[in-house]
Amino acid sequence: MALVSEFLGQLSLNIGASEQLYPTVVPALDFDPDRDAARIDTAIKTKGVDEQTIIDVLTKRTYAQRREIAFAYERRAKKDMISALKGALSGSLESVILGLMKSTAQYDASEIRGSIKGLGTDEETLIEILCSRSSAELVEIKKVYKDLIKKDLDKDVAGDTSGNFAKLLLALVQTKRDEPSSVVDYEKIDEDARALYDAGVKIKGTDVATWISIMSERSVPHLQKVFQRYKSYSPYDMQESIEKEVKGDLKKSFLVLVQCFENKQLYFAKRLHEAMKSKGAKEKIVTRIIVSRCEVDLKKVASEYKATFGQSLHKTILEHTKGDYEKVLLSLCGPEE
């Protein structure tokens, strides 16, 4: 077990340097891994388990710091901290805490693996992750997937999806997207906008291959301008065109891509709202978004949530969750602003 945690410890954490980060979980100041490990050890050994201490410590440390705590715990308790947490916790709290013991890329890789192994495919999870991550994040996810699962992500995706849906996901996984450029190429913007229109709304049927290549290979700032320009050719905006031209999982994927190109944090805010709008919450979705975005952009997701739905993410979590699960989510969201 020690070897496994050492190995996990060596995996790098790369969030995509070109993207601005808005984390709610930041490095703890006055950090002492030995002191934290002792607190975790005591919390696990307490009769009935002291969940609050586990939440207080692990949600207020970054992944890199949690990893140091795990090593300190192993030296102290002579056993693996992840196994100890797994034995001490259960249910939704266990899912969140074990998710926090992975890097963002490791967490994404394990969620993708969970969505495609076994009978049937959880397309919703696959679409959310592959269509919302930057090329730099996808490069890291592929590396981690190979290291942890001993399989190639593109082969697993190809084996579990089909048709144009598979082609789009594979094009994203191949990470051929251009890097953003400081030079705005207006000619290319016009050319791509015209090509998207010619391949869809203008003709009977849809030339999906053209849509896939443009949306999987152009930089995000370029595509944002392309979608603006597109409106001068088409009577519909890009999202409306997708609704009219394609269906099923392919439609869902294109829509997620366009929403993320236009405003990724608003996309996640809407996902959270959708997952918590009825009685209770779709915990799997809520957990995945909060855990995977807390060291990336959850602060901005929360501000988009409030601006769009007129109520804070904190208040919604309080209304739709309870107990330790509610506490751990609120702690990861940071103080309400």
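Heavy-atom basis, side chains included; hydrogens, waters and symmetry copies ignored.
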Check your understanding: Should the pair Asp297-Lys264 be classified as a salt bridge under the 4.0 Å nitrogen-to-oxygen rule?
Key -> no

**Study point:** Note: Arg66-Glu295 ion pair, threshold 4.0 Å (strictly below)
**Key:** yes

Check your understanding: Any salt bridge between Asp147 and Lys143, counting N to O under 4.0 Å?
Key -> yes

Review point. Hey, any chance Leu93 and Ile285 share a hydrophobic cluster, counting ILVMFWY side chains that come within less than 4.5 Å of each other, even indirectly?
Key: yes

Check your understanding: Would a distance-only check, ignoring hydrogens and angles, find a side-chain to backbone donor-acceptor pair under 3.5 Å from Ser234 to Lys231?
Key -> no

Exercise for review: Examine the side chains of Ser95 and Tyr325 and answer whether a donor and an acceptor come within less than 3.5 Å of each other.
Suggested key: no

Exercise for review: Would you kindly confirm whether Tyr22 and Leu298 end up in one hydrophobic cluster when ILVMFWY residues are joined by side chain heavy atoms under 4.5 Å apart?
Suggested key: no

Point to revise | Pair Thr59-Ser331, side-chain donor/acceptor within less than 3.5 Å | key: yes

Check your understanding: Side chains of Asp154 and Tyr145: donor-acceptor distance under 3.5 Å anywhere?
Key -> no

**Study point:** Residues Lys86 and Glu94 bridged, charged N to O under 4.0 Å
**Key:** no

Check your understanding: Donor-acceptor pair, His320 side chain versus Ser278 backbone, under 3.5 Å?
Key -> yes

Exercise for review: With Ser241 as reference, evaluate Tyr230, Trp211, Tyr236 under the side chain to side chain donor-acceptor pair (under 3.5 Å) test and give the passing residue.
Suggested key: Tyr230

Review point. Would Arg194 and Asp190 pass as an ion pair if we require N to O under 4.0 Å?
Key: no

Review point. Under a 4.0 Å N-O cut-off, is there an ion pair linking Lys244 with Glu240?
Key: no

Review point. Who pairs with Ala158 by side-chain contact (heavy atoms from CB on, under 4.5 Å), at least two apart in sequence or on another chain?
Key: Leu170

Review point. Within the side chain of Glu111, is there an N or O that forms a donor-acceptor pair under 3.5 Å with the backbone of Arg288?
Key: no

Practice item. Check Ser135 against Arg177 and note the closest heavy-atom contact, atom names and distance. Key: OG-CB, 3.2 Å

**Study point:** Residues Ser110 and Arg113: side-chain donor-acceptor under 3.5 angstrom
**Key:** no

Review point. Looking at side-chain heavy atoms only, is the closest gap between Met81 and Ile40 below 4.5 Å?
Key: yes

Review point. Taking 4.0 angstrom as the limit, do Asp34 and Arg75 come out as a salt bridge?
Key: yes

Check your understanding: Given the rule that I, L, V, M, F, W and Y join up when any side-chain heavy atoms are under 4.5 Å apart, are Leu330 and Val26 in one cluster?
Key -> no

Review point. Which class fits the ring pair Phe309 and His273: parallel under 30°, tilted 30 to 60°, perpendicular over 60°?
Key: parallel

Exercise for review: Determine whether Ile290 and Leu318 fall in the same hydrophobic cluster, where Ile, Leu, Val, Met, Phe, Trp and Tyr are linked whenever their side-chain heavy atoms lie under 4.5 Å apart.
Suggested key: yes

Check your understanding: Any chance the side chains of Ser312 and Glu336 put a donor and an acceptor closer than 3.5 Å?
Key -> yes

